[in-house]
Amino acid sequence: MRIQLIRNATMKITYAGKTLLTDPMLSARHSLVSFAGAEKNPTVDLPLSIPDILDGVQGVLVSHDHPDHLDSEAISALSREVPVFCQPEDAGRFRETGFERVLPVDDSVHWEGLSFTRTGGRHGRGKTEEMMGTVSGFVLKAETEPTVYWAGDTVWCEWVEGVIRDHDPDVIVTHSGGAAFPGDAPIIMDAEQTLEVLRAAPGATVVAVHMEALDHCRVTRTVLREAADRAGIAPSRLLIPGDGESVSLSSG
């Protein structure tokens with residue numbers, strides 16, 4: 001399989017002969033509102049043109065309906081006929097935007113030789129979690145492919161620990177930018193929480209994304225790599241791709 005990070009949580013995943021686009025945020029730099037009062041979002045340009053990003057995409061996987069995970073630019077650019085896999089809470093809104101093949105994943109869905117299993121998460125804690133609403137991750141499985149756990153917008157919590165225990169993933173994709181609103185705790189994993197994932201899954205490769213693209217993300221790629229180095233994590237176990245960069249992975 002191959003993962004190409006586009007920007008933030010937008011990835012092109014080549015898996016079981018299919019090309020999936022995750023959490024498409026395709027807006028131009030500084031065209032969306034600020035989340036932390038520091039800078040308009042996204043804070044960086046797309047590394048590729050939108051036609052190049054959409055080239056070959058056969059399905060779209062959306063973790064939750066927030067503007068940094070599905071924005072108006074992506075809604076306009078995507079084909080109305082592309083299958084859109086999402087959490088059930090978001091299916092109605094996606095249909096209202098004109099997508100003709102919205103496939104909510106309540107538990108598991110099998111499609112074209114691969115399966116998606118929806119997982120839970122905590123998009124923050126306490127009142128912040130209530131405000132942020134329901135979020136999902138997904139486990140991808142297919143014959144001859146590594147088991148992939150895309151955790152989505154969640155902090156380290158019992159949901160993440162349970163998925164690692166129950167599915168024993170070969171690859172775990174974490175949102176590791178430590179996003180936080182002013183004066184609040186992180187609403188996605190920070191460096192230390194990403195290290196918790198690595199400790200809980202010693203046989204897995206972690207791919208860290210959702211970094212250096214939004215003004216409320218505080219953890220940079222350099223900060224995460226330095227934290228992993230101090231913890232004795234081998235570079236091969238923690239991959240931190242740059243925007244536009246691809247990584248190839250296999251089971252075991």
Side-chain angles (χ1 to χ4, degrees), residues 1-13 22-23 25 29 35-36 38-39 41-47 63 66 68-69 119 121-125 128 132 135 137-138 146 148-157 159-161 163-164 169-249:
M1 67 163 294
R2 185 180 71 171
I3 297 174
Q4 182 182 24
L5 174 62
I6 303 301
R7 181 184 62 186
N8 201 48
T10 307
M11 298 174 282
K12 285 181 82 170
I13 300 178
T22 69
D23 281 1
M25 178 183 68
R29 181 174 182 252
F35 297 148
E39 182 181 357
N41 290 305
T43 60
V44 295
D45 292 318
L46 286 168
S63 62
H66 284 175
D68 57 323
H69 296 267
T119 64
R122 293 185 177 277
H123 203 354
R125 298 283 186 177
T128 300
M132 298 304 288
V135 294
F138 294 91
V148 179
Y149 170 33
W150 173 35
D153 265 13
T154 182
V155 295
W156 168 256
C157 64
W159 284 104
V160 178
E161 189 173 15
V163 173
I164 291 171
D170 301 293
V171 178
I172 303 173
V173 181
T174 58
H175 293 184
S176 297
F181 300 115
D184 203 356
I187 57 175
I188 63 174
M189 294 184 201
D190 58 13
E192 180 54 38
Q193 292 181 40
T194 304
L195 296 182
E196 287 288 352
V197 173
L198 285 151
R199 296 182 189 111
T205 300
V206 171
V207 181
V209 301
H210 203 312
M211 307 178 77
E212 298 185 29
L214 302 172
D215 75 327
H216 66 332
C217 284
R218 303 172 180 177
V219 178
T220 67
R221 294 177 172 98
T222 298
V223 165
L224 179 57
R225 176 61 69 196
E226 289 176 348
D229 289 345
R230 289 193 300 270
I233 302 296
S236 60
R237 288 205 56 223
L238 174 62
L239 307 181
I240 313 174
D243 292 349
E245 184 179 352
S246 296
V247 295
S248 296
L249 305 119

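For this chain, numbers begin at 1 and follow the sequence in order. Bear in mind that the values here come from a model prediction, so they are computed numbers and not experimental data.
Side-chain contact check for Ile3 versus Ser246: every heavy-atom pair is 4.5 Å or farther apart. Counting heavy atoms from C-beta outward, Ser176 and Met211 have side chains that approach closer than 4.5 Å. Proximity of Asp190 to Arg218: side-chain heavy atoms (C-beta onward) are nowhere separated by under 4.5 Å. Put simply, the side chain of Arg7 reaches to within 4.5 Å of the side chain of Pro42, judged on heavy atoms. No side-chain heavy atom of His123 sits less than 4.5 Å from a side-chain heavy atom of Thr154. Counting heavy atoms from C-beta on, the side chains of Pro146 and Met1 come closer than 4.5 Å.
Between the side chain of Gln4 and the backbone N or O of Val247, no donor-acceptor pair lies under 3.5 Å. A donor-acceptor pair under 3.5 Å links the side-chain atoms of Thr43 to the main chain of Ala213, judged by distance alone. Under a 3.5 Å cut-off, the side chain of Arg237 and the backbone N or O of Val206 do not form any donor-acceptor pair. Remark: the backbone N or O of Asp23 is paired with a side-chain donor or acceptor of Thr10 at under 3.5 angstrom. Judged purely by atom type and a 3.5 angstrom limit, Asn41 uses its side chain to pair as donor or acceptor with the backbone of Asp215. The backbone N or O of Gly137 sits less than 3.5 Å from a side-chain atom of Thr119, completing a donor-acceptor pair. The backbone N or O of Asp68 sits less than 3.5 Å from a side-chain atom of Asn8, completing a donor-acceptor pair.
Closest non-hydrogen pair, Tyr149 versus Trp159, comes out as OH-O, 4.5 Å. Residues Pro241 and Val209 approach most closely at CG-CG1, 4.4 Å, considering heavy atoms. For the pair Val135 and Asp153, the tightest heavy-atom approach, listed with the atom from each and the gap, is CG2-O, 3.3 Å. For Ala200 against Ile164, the heavy-atom pair with the smallest separation is O-CG2, 3.6 Å. Between Pro186 and Ala180, the shortest heavy-atom contact is CA-CB, 3.9 Å.
With values rounded to the nearest 0.5 angstrom, Thr174 atom OG1 is found 7.5 Å from Leu198 atom CG. With rounding to the nearest 0.5 angstrom, the OG1 atom of Thr205 is 8.0 Å from the CG atom of Asp170. Considering OG1 of Thr194 and CG of Leu224, their distance stands at 5.5 Å, rounded to 0.5 Å.
Applying the ring-ring contact (aromatic ring centres under 6.0 Å, His included) test to pairs two or more places apart or on separate chains, those with a residue in residues 208-239 are Phe35-His216, His69-His210, His175-His210, Phe181-His216.
Enclosure of atom CZ in Arg2 is not indicated, since only 12 or fewer non-hydrogen atoms of other residues, nucleotides or ligands lie within 6.0 angstrom.
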In sequence, state the C-alpha distance, the side-chain angles, and the governing distance for Asp243 and Arg221, and then conclude on salt bridge (Lys or Arg N to Asp or Glu O under 4.0 Å).
-> CA-CA 11 Å; Asp243 292 349; Arg221 294 177 172 98; 3.0 Å; yes
Can Thr220 and Thr222 be said to form a side-chain hydrogen bond (donor to acceptor under 3.5 Å, both in side chains), step by step?
-> CA-CA 5 Å; Thr220 67; Thr222 298; 4.7 Å; no
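Checking Glu245, Met11, Met25, Lys12 one by one against Ile6, the side chain to side chain contact (heavy atoms under 4.5 Å, CB included) holds for a single residue, Lys12. The one candidate from Arg122, Glu196, Met189 that meets the side chain to side chain contact (heavy atoms under 4.5 Å, CB included) condition with Cys157 is Arg122. The side chain to side chain contact (heavy atoms under 4.5 Å, CB included) with Trp150 is formed by just one residue from the set Val171, Val173, Ile172; it is Val173.
Not counting sequence neighbours, the partners of Glu161 by the side-chain contact (heavy atoms from CB on, under 4.5 Å) test are Trp156.
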Enumerate, atom names and distances included, each donor-acceptor pair closer than 3.5 Å involving a side-chain atom of residues 225-236, sequence neighbours excluded.
| residue | atom | partner | partner atom | Å |
| --- | --- | --- | --- | --- |
| Arg225 | NH1 | Leu238 | O | 3.1 |
| Arg225 | NH2 | Leu238 | O | 2.7 |

